[in-house]
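Accompanying notes for the structure given below.
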Amino acid sequence: MPRKIVYGENSAKDFEYPENSLVITTTTPDIYNKWLDYMGLQNYEVYDKITPDPAIETVEAVKKSFEGINVSTFIGLGGGSSMDVCKYLGKLTGIPKILIPTTFGTGAEMTTYAVISFEHKKKLLQDEAFLADAAIVDPYFLPGTPFNIMRNSACDAAAQASEGYDSKLGNPLTRLFCKEAFDILEDAIVNDKPNLLPYGAMLSGIGFGNSSTTLGHALSYVFSNEGVPHGYSLSSCTTVAHRFNKSIYYERFKRICQKLKFEPLKLKQPLDQAADVIMPDRGHLDNNPIPVNKEDIIKCLEDIVNMNPLEQVVEEPR
Ligand SMILES: [Zn+2]
């Protein structure tokens with residue numbers, strides 16, 4: 001976990017930021033200028049050309065942008081993409097990083113993971129050097145989040161908590177965090193209490209961040225590679241993976257996705273070819289509670305694209 005975690009209303013406002021920081025964000029000036037005013041930042045630079053699902057070229061571009069400038073700290077302000085770029089830059093340069101999530105889903109501010117694309121393929125990387133020096137979770141940023149982004153983030157957080165619970169790398173402590181995270185996220189989504197999302201996502205980050213996600217995430221990347229947002233692709237992928245794994249979270253996760261009204265997924269590439277992309281993803285598949293072979297993957301993909309797993313009547317896990 002990050003050495004310093006600050007949580008709650010006004011936590012981003014009260015934090016003492018170092019001068020000469022570089023703020024890295026996906027948002028536009030009309031939004032982040034308001035945020036920076038609230039945070040009371042002094043003498044900073046902003047890099048705002050981060051696009052969703054950042055590639056290694058993006059990281060290199062940011063690095064180039066501050067050549068010759070003395071940067072004391074990176075501040076990742078935004079969704080998972082801003083934070084992932086920040087984490088990778090921190091590792092490359094050794095410059096400290098402060099992570100401030102504004103969409104509350106990935107829990108990335110708590111983890112040693114970063115997702116960066118190499119040659120148009122998303123890669124899940126893990127390194128202790130990705131860990132934030134400080135993480136600030138302030139619900140102040142929540143009201144500005146568009147519904148679609150909030151929905152995808154909420155789904156991601158619930159997928160991470162439940163896959164993290166089932167992960168073979170889990171232990172009683174990670175399961176404690178994952179279980180608590182899922183309970184809070186479920187309450188937030190099913191009973192329309194969005195102000196609970198930041199705390200649930202943060203706990204999910206601590207839980208899955210120390211145990212890893214599994215089959216649901218492994219299946220999802222072929223959809224993200226075709227442009228489906230991460231959280232969206234998890235709605236069907238994690239539902240089908242939970243059924244395959246006989247997870248205790250199968251029905252509850254599906255109910256969350258139904259509540260968020262996700263549509264079924266489509267895949268352009270042939271399923272066999274997609275399975276070949278998924279199989280080498282040992283970082284997720286080796287931690288799945290039960291072994292998965294290529295035929296299992298194809299069957300799961302068939303269920304996802306042909307059966308609309310979110311519409312099926314809730315049944316007992318196989
Ligand atoms: Zn995720």
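Whatever order the structure lists them in is the order used to number ligands and atoms, beginning at 1.
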query: Mind checking whether Phe223 and Tyr221 have ring centres under 6.0 Å apart?
result: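 Centroid separation for Phe223 and Tyr221: 6.0 Å or greater.
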message: For the residue pair Arg151 and Phe262, would you count it as a cation-pi contact if the rule is NZ or CZ under 6.0 angstrom from the ring centre and within 45 degrees of the ring axis?
response: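 Arg151 over Phe262 ring: yes.
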- prompt: Is the NZ or CZ atom of Lys49 both under 6.0 Å from the centre of the six-membered ring of Tyr47 and within 45° of that ring's axis?
  reply: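 Lys49 over Tyr47 ring: yes.
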field: Closest contact, heavy atoms only, Pro309 versus Asp303
entry: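 Residues Pro309 and Asp303, closest heavy atoms: CD-O, 3.4 Å.
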- prompt: Closer than 2.8 Å to the Zn ion (ligand 1), which protein N, O or S atoms?
  reply: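 Correct list: Asp156 OD1, Gln160 OE1, His217 NE2, His230 NE2.
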- prompt: Mind checking whether Val71 and Ile100 sit in one hydrophobic cluster, side chains of I, L, V, M, F, W, Y counted as touching below 4.5 Å?
  reply: no
- prompt: Would Asp183 and Arg252 count as a salt bridge (Lys or Arg N to Asp or Glu O under 4.0 Å) if you check the C-alpha gap in whole Å, the side-chain angles of each, and the deciding distance to 0.1 Å?
  reply: CA-CA 10 Å; Asp183 288 348; Arg252 290 169 70 190; 2.9 Å; yes
